[in-house]
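Written below as structure tokens is the structure these notes are about.
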Amino acid sequence: MTNDASITGQTAVVTGAASGLGRAIAQRLAAAGGRVALWDRDLTGARRVAADIGAQALALEVDVTDPVSVRAAWAETKRSLGTPSILVNSAGILGPSAAFADYPADAWKRVLDINLNGTFHCCQAAVPDMVASDYGRIVNIASIAGKDGNPGVAGYVASKAAVIGLTKSMGKELGKHGVLVNAIAPSASETAIFGELTDAYRARLIANVPMGRFVRPDEVAALAFWLSSPACSFSTGVTFDISGGRATY
Ligand SMILES: NC(=O)c1ccc[n+]([C@@H]2O[C@H](COP(=O)([O-])OP(=O)(O)OC[C@H]3O[C@@H](n4cnc5c(N)ncnc54)[C@H](O)[C@@H]3O)[C@@H](O)[C@H]2O)c1
């Protein structure tokens, strides 16, 4: 019998791995025996995380909005760590908070470019090798904001709803090839994405969460690990909730 919870010997790519949820996920996958490529536009940060993890980690400077950068990083990861069977898309930004009528069009494009197009480019780089080996696990970090909506962050909400849609489409198409594609919808976590948090902002972020607190990065990492492992064997195209009871569907 195989150990369903093991990813020993597998290679994982985690985008946005220099910080926050991506860092916690990379650490969790490495602790489970995976070799991990840490992709981030912040190379210094990614190197710091890689140094903490040890020999089975590789830090690469990647801009997920640039398909050339993404494809080069995929090729380098294959050369250095072996062909990845796991991809976790965590690179993302919140973008500005603004009333809808004032929401800047250039920020709208930037948020969609990183959160949605970046996820698309990384998935496109990964899928051919995963299909060729009849096995793969892709985990897209969406957000409860993509299901529920939040006021004042139209670009972010739209990008995350689109990531949920992309996940559904890929899940339905690729399941027959052994490539399972799922998303995670966390509620707020106290990471760098929000910048400096005032007490009032902190209170507002957790006001809608029945469990009354931020989700911890290691909690998101535990779910991402399960979705990245062979233990996740009959779920695809689904968005998994981790919102302390906030989600209603
Ligand atoms: N923190 C939360 O409350 C929360 C809640 C739900 C979903 N999420 C999602 O989780 C993911 C991770 O967020 P986080 O909280 O860890 O934020 P974070 O700011 O701590 O980390 C994001 C990482 O993405 C990297 N990044 C940004 N743009 C990039 C690009 N173009 N190419 C490569 N790397 C890039 C950053 O350098 C950073 O290391 C995001 O997609 C975010 O939308 C976060």
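One-based numbering along the sequence shown. Start at 1 and go down the list; that is how both ligands and their atoms are numbered.
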Pick, from Asp63, Leu21, Leu38, the option with the minimum heavy-atom distance to atom 31 (N) of ligand 1.
-> Asp63

Could you say whether the N/O atoms of Asp40 and ligand 1 ever approach to under 3.5 Å?
-> yes

Ligand 1-proximal atoms of Arg23, by part, heavy-atom distance under 4.0 Å = neither

Pick out which of Thr83, Thr11, Asp129 makes a side-chain hydrogen bond (donor to acceptor under 3.5 Å, both in side chains) with Lys78.
-> Asp129

Across all chains, not counting sequence neighbours, the salt bridge (Lys or Arg N to Asp or Glu O under 4.0 Å) partners of Arg47 are none

Among all protein non-hydrogen atoms, which one is nearest to atom 9 (C) of ligand 1, and what is the separation to 0.1 Å?
-> Ile141 CG2, 3.7 Å

Can you sort out which atoms of ligand 1 are near Gly20, meaning under 4.0 Å from one of its heavy atoms?
-> 16 (O), 20 (O)

List the closest protein heavy-atom neighbour of atom 34 (N) of ligand 1: residue, atom name, distance to the nearest 0.1 Å.
-> Arg41 N, 3.3 Å

Is Arg28 salt-bridged to Asp218, cutoff N-O under 4.0 Å?
-> no

With a cut-off of 4.0 Å, which atoms of ligand 1 are near a heavy atom of Ala18?
-> 39 (O)

Is a side-chain donor-acceptor pair under 3.5 Å present for Asn140 with Thr167?
-> yes

Close-contact set for ligand 1 against Ile114 heavy atoms, below 4.0 Å | 28 (N), 31 (N)

Check: Ser187/Arg246 side-chain N/O donor and acceptor closer than 3.5 Å | no

Among all protein heavy atoms, pick the one closest to atom 41 (O) of ligand 1 and tell me residue, atom and distance.
-> Lys160 NZ, 2.8 Å

Around atom 3 (O) of ligand 1, find the nearest protein heavy atom and jot down its residue, atom name and distance.
-> Ser189 N, 2.7 Å

Would you check whether Val64 has a nitrogen or oxygen atom less than 3.5 angstrom from a nitrogen or oxygen atom of ligand 1?
-> yes

min-distance protein heavy atom vs atom 19 (O) of ligand 1 -> Ile193 N, 3.4 Å

Separation between NZ (Lys160) and CG (Leu112), nearest 0.5 Å, reads 10.5 Å

So which of Gly22, Ala142, Ala91 gets nearest to atom 7 (C) of ligand 1, if we judge by its closest heavy atom?
-> Ala142

Which is closest to atom 11 (C) of ligand 1 in terms of heavy atoms, Ser187, Ser90, Gly92, Ala192?
-> Ser90

Among Trp39, Tyr156, Phe194, which residue places a heavy atom closest to atom 43 (O) of ligand 1?
-> Tyr156

Do His121 and Val64 have side-chain heavy atoms sitting under 4.5 Å apart?
-> no

Tell me, please: is Gly45 in heavy-atom contact with ligand 1, that is, under 4.0 Å?
-> no

Output all residues satisfying salt bridge (Lys or Arg N to Asp or Glu O under 4.0 Å) with Glu190, sequence neighbours left out; order by chain, then residue number.
-> Arg202

With a 4.0 Å heavy-atom cut-off (strictly under), which part of Val62 contacts ligand 1: side chain, backbone, both or neither?
-> backbone

Taking atom types as modelled and ignoring hydrogens, do the side chains of Asn115 and Ser159 form a donor-acceptor contact shorter than 3.5 angstrom?
-> yes

If you scan protein heavy atoms around atom 1 (N) of ligand 1, the nearest is Thr191 OG1, 3.0 Å

Looking only at atom types and distance, does a side-chain atom of Ser189 sit under 3.5 Å from a main-chain N or O of Val215, one as donor and one as acceptor?
-> yes

Glu173 and Ser169 side chains, donor-acceptor separation under 3.5 Å = no

Should the proximity of Pro217 to ligand 1, defined as any heavy atom under 4.0 Å, be assigned to the side chain, the backbone, both, or neither?
-> neither

Provide the closest heavy-atom pair for Gly92 versus Ile114 in the form atom of the first, atom of the second, distance.
-> CA-CG2, 3.9 Å

Could you tell me which atoms of ligand 1, counted from 1 in the order shown, lie closer than 4.0 angstrom to a heavy atom of Pro186?
-> 5 (C), 6 (C), 7 (C)

Min N/O separation Ser19 to ligand 1 under 3.5 Å = yes

Geometric N/O contact Asp42 with ligand 1, under 3.5 angstrom | no

